[in-house]
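Please read the structure below before turning to the comments.
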Amino acid sequence: MTTPSAPPALLWLRRELRLHDNRALAAAVGSARPVLPVYVLDDATPGPWADGGASRWWLHHSLSELAASFAALGAPLVLRRGRTAGVLAALAAETGAAEIHAGQPIEPWAIAAVAELRARLTIPINLHRTLTLHGPDAIRTQTGTPYGVFTPFARACRLRGEPERPVPAPSRMPAAIAPHSDRLEAWRLLPSRPDWAGGLRTAWQPGEAAARKRLATFAAGPLPSYATARDLPGVEGTSRLSPHLHFGEISPDAAWRAATAAGAGRGIEVWQNEILWREFSANLLWHHPNLPFAPLRPEFAAMPWRTDPDGLRAWQRGETGIPIVDAGMRQLWQTGWMHNRVRMIVASFLVKHLLLPWQDGAAWFWDTLVDADLASNSAQWQWVAGSGADAAPYFRIFNPVLQGTKFDPDGAYVRRYVPELANVPAAEIHAPWQAPDLVLRGAGVALGRNYPKPIVDLAAGRQRALDALAALNKARS
DNA sequence: TAAATGTTGCC
DNA sequence: GCAACATTT
């Protein structure tokens with residue numbers, strides 16, 4: 001028999017903002033103690049990796065939903081702000097907590113926060129697998145080393161079979177005596193003056209209920225044709241689950257199993273592979289804590305990155321004069337998300353054609369993406385740069401004109417996000433600088449006036465990148 | 001998860 | 001002249 005005044009179990013929620021399939025929550029409930037769920041807003045410990053603007057918008061709404069869910073169970077969510085370890089240690093002391101349950105973190109700063117907490121407290125701190133399909137040390141090669149290449153990593157994951165059965169949401173929770181909680185509104189996670197979140201509100205509905213609904217809708221609709229449709233940014237062919245997965249509004253286990261339950265087929269296999277890319281990135285970050293700021297391949301430290309504030313700003317604003325790049329960057333700015341095919345194109349353009357550091361691109365994505373994820377963001381930027389896992393730099397200079405022609409053949413995506421070009425015929429829309437004057441005039445486009453000329457010559461930019469990469473390889477051998 | 005360039009084989 | 005295929009970056 002639990003009474004509210006008995007020593008509670010603290011449930012520290014960070015990136016598992018859900019009731020379903022939450023092993024940390026299940027363990028706290030299973031402790032037979034009053035449960036005290038807490039979220040800590042920590043802008044200090046993560047350093048540069050504190051949540052960016054778009055993430056904060058999402059976080060506000062996700063926490064609002066989660067708080068309502070906990071309130072309905074009779075165990076209010078406590079909100080505290082400050083350095084994670086200090087806040088949790090103080091809360092544990094204040095409430096006489098007997099144990100702490102949390103998700104196993106993979107971000108270096110969060111791992112350090114747990115270590116600091118352990119140093120401060122004598123009560124047990126139990127970490128549970130909540131972020132990924134497998135524990136961070138579970139998948140290793142036969143010789144015990146971490147995987148550095150995706151394909152064998154994915155094979156090893158699949159050999160383990162289906163994920164464990166999801167844990168149901170608790171139907172009731174023994175509540176603790178509620179300590180003070182901040183008001184969510186007081187955290188000012190939402191933008192004001194100017195309110196730039198209009199596009200986010202239109203595009204997204206954060207929260208566990210919406211996450212589950214989106215997964216179900218995707219599994220019942222686009223999933224079978226995902227293998228081909230996912231490459232077309234003008235088509236709603238992807239799941240758009242990434243922010244829900246990042247904040248843990250749904251578990252990767254639930255996502256994986258929903259796909260399996262939808263039947264067999266190429267689309268399912270390819271989509272589950274994307275879940276495994278997420279898993280691979282988490283694994284890389286766990287084994288390489290420098291992944292967010294230092295090249296995994298050390299020879300890339302000598303890469304002759306350029307300094308070009310104007311070029312970087314043009315890329316950020318979607319004013320490079322390359323339509324598919326500008327469309328992607330504007331989709332990101334407006335909606336907090338970018339289609340994955342286009343992420344690869346804009347990243348390749350920044351790192352190869354502009355020869356700007358991948359860290360600059362990663363930082364911009366960090367601030368503007370609602371799905372900004374330290375592991376995935378860092379791993380993917382390094383992948384594009386060629387400095388990361390699965391190295392093959394020559395394979396990754398995307399020609400944005402060819403990519404646009406191939407994957408946005410009618411130009412629907414470009415028209416949506418670059419309205420200046422809306423009336424350019426499909427044959428010319430991905431390279432307006434090559435269009436006959438008459439065609440441009442007919443479409444109301446005056447290059448250099450209402451749409452920029454390309455800020456870099458694509459052939460010359462490509463060659464410059466190849467030369468730089470060749471010099472790196474030469475220096476290494 | 002690419003693109004450019006070179007070569008072959010056919011009209 | 002050009003499409004299919006092979007090689008190089």
Side-chain angles (χ1 to χ4, degrees), chain A residues 147-155 157-158 222-223 225-235 237-239 242 266-281 284 296-297 299-300 303-304 322-325 328 338-355 358 361 365 371 375-409 413 430-431 434 454 456-477:
Chain A
Y147 280 98
V149 181
F150 172 72
T151 306
F153 174 84
R155 194 178 302 127
C157 288
R158 286 181 185 275
L223 176 56
S225 39
Y226 178 78
T228 50
R230 67 163 186 153
D231 272 326
L232 309 176
V235 168
T238 70
S239 70
S242 53
R266 181 83 185 129
I268 288 156
E269 184 188 332
V270 172
W271 190 66
Q272 287 179 331
N273 242 23
E274 294 303 311
I275 299 178
L276 293 181
W277 269 106
R278 176 180 180 277
E279 191 83 6
F280 183 52
S281 300
L284 283 175
L296 208 53
R297 294 157 65 90
E299 67 266 28
F300 271 77
M303 187 75 175
I322 313 292
I324 192 83
V325 173
M338 196 194 307
H339 187 279
N340 186 248
R341 166 61 53 180
V342 190
R343 291 190 199 200
M344 294 191 287
I345 299 170
V346 304
S348 168
F349 180 77
L350 181 78
V351 170
K352 303 288 165 67
H353 290 95
L354 293 182
L355 208 62
W358 59 267
F365 272 29
D371 64 26
S376 295
N377 196 43
S378 311
Q380 285 302 105
W381 273 99
Q382 290 223 39
W383 182 89
V384 172
S387 66
D390 254 24
Y394 291 124
F395 286 52
R396 293 187 195 127
I397 301 182
F398 286 56
N399 179 329
V401 175
L402 278 179
Q403 288 282 315
T405 309
K406 242 192 260 184
F407 298 115
D408 185 34
Y413 180 74
H430 291 295
Q434 289 173 340
V456 61
D457 177 83
L458 292 179
R462 172 190 161 81
Q463 194 53 51
R464 183 172 60 184
L466 283 171
D467 292 346
L469 291 165
L472 273 196
N473 283 332
K474 201 172 166 188
R476 188 175 47 140
S477 54

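Below, chain A is the first sequence line, B the second, and so on; all start at residue 1.
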Quick one: does any side-chain atom of S348(A) pair with a main-chain N or O of M344(A) as donor and acceptor, under 3.5 Å? no
N/O to N/O distances under 3.5 Å, protein versus nucleotides 5-7 of chain C:
none

Measure the distance from [atom1] on [X] to [atom2] on [N] and round it to the nearest whole Å.
X: L466(A); N: dA4(B); atom1: CG; atom2: C1'; result: 10 Å
X: R341(A); N: dA2(B); atom1: CZ; atom2: P; result: 6 Å
X: I397(A); N: dA2(B); atom1: CD1; atom2: P; result: 13 Å
X: R278(A); N: dT1(B); atom1: CZ; atom2: C1'; result: 20 Å

Suppose we screen for side-chain hydrogen bond (donor to acceptor under 3.5 Å, both in side chains). Which residues come up paired with [X], at least two apart in sequence or across chains?
X: W381(A); result: N377(A)
X: D467(A); result: Q463(A)
X: Q382(A); result: S387(A)
X: Y226(A); result: none

If you compare every side-chain N and O of K352(A) against the phosphate oxygens of dA2(B) (OP1, OP2), does one of them come in below 4.0 Å? no
Provide the full list of salt bridge (Lys or Arg N to Asp or Glu O under 4.0 Å) pairs with a residue in residues 338-350 of chain A, sequence neighbours left out, each pair given once. D231(A)-R341(A), R343(A)-D371(A)
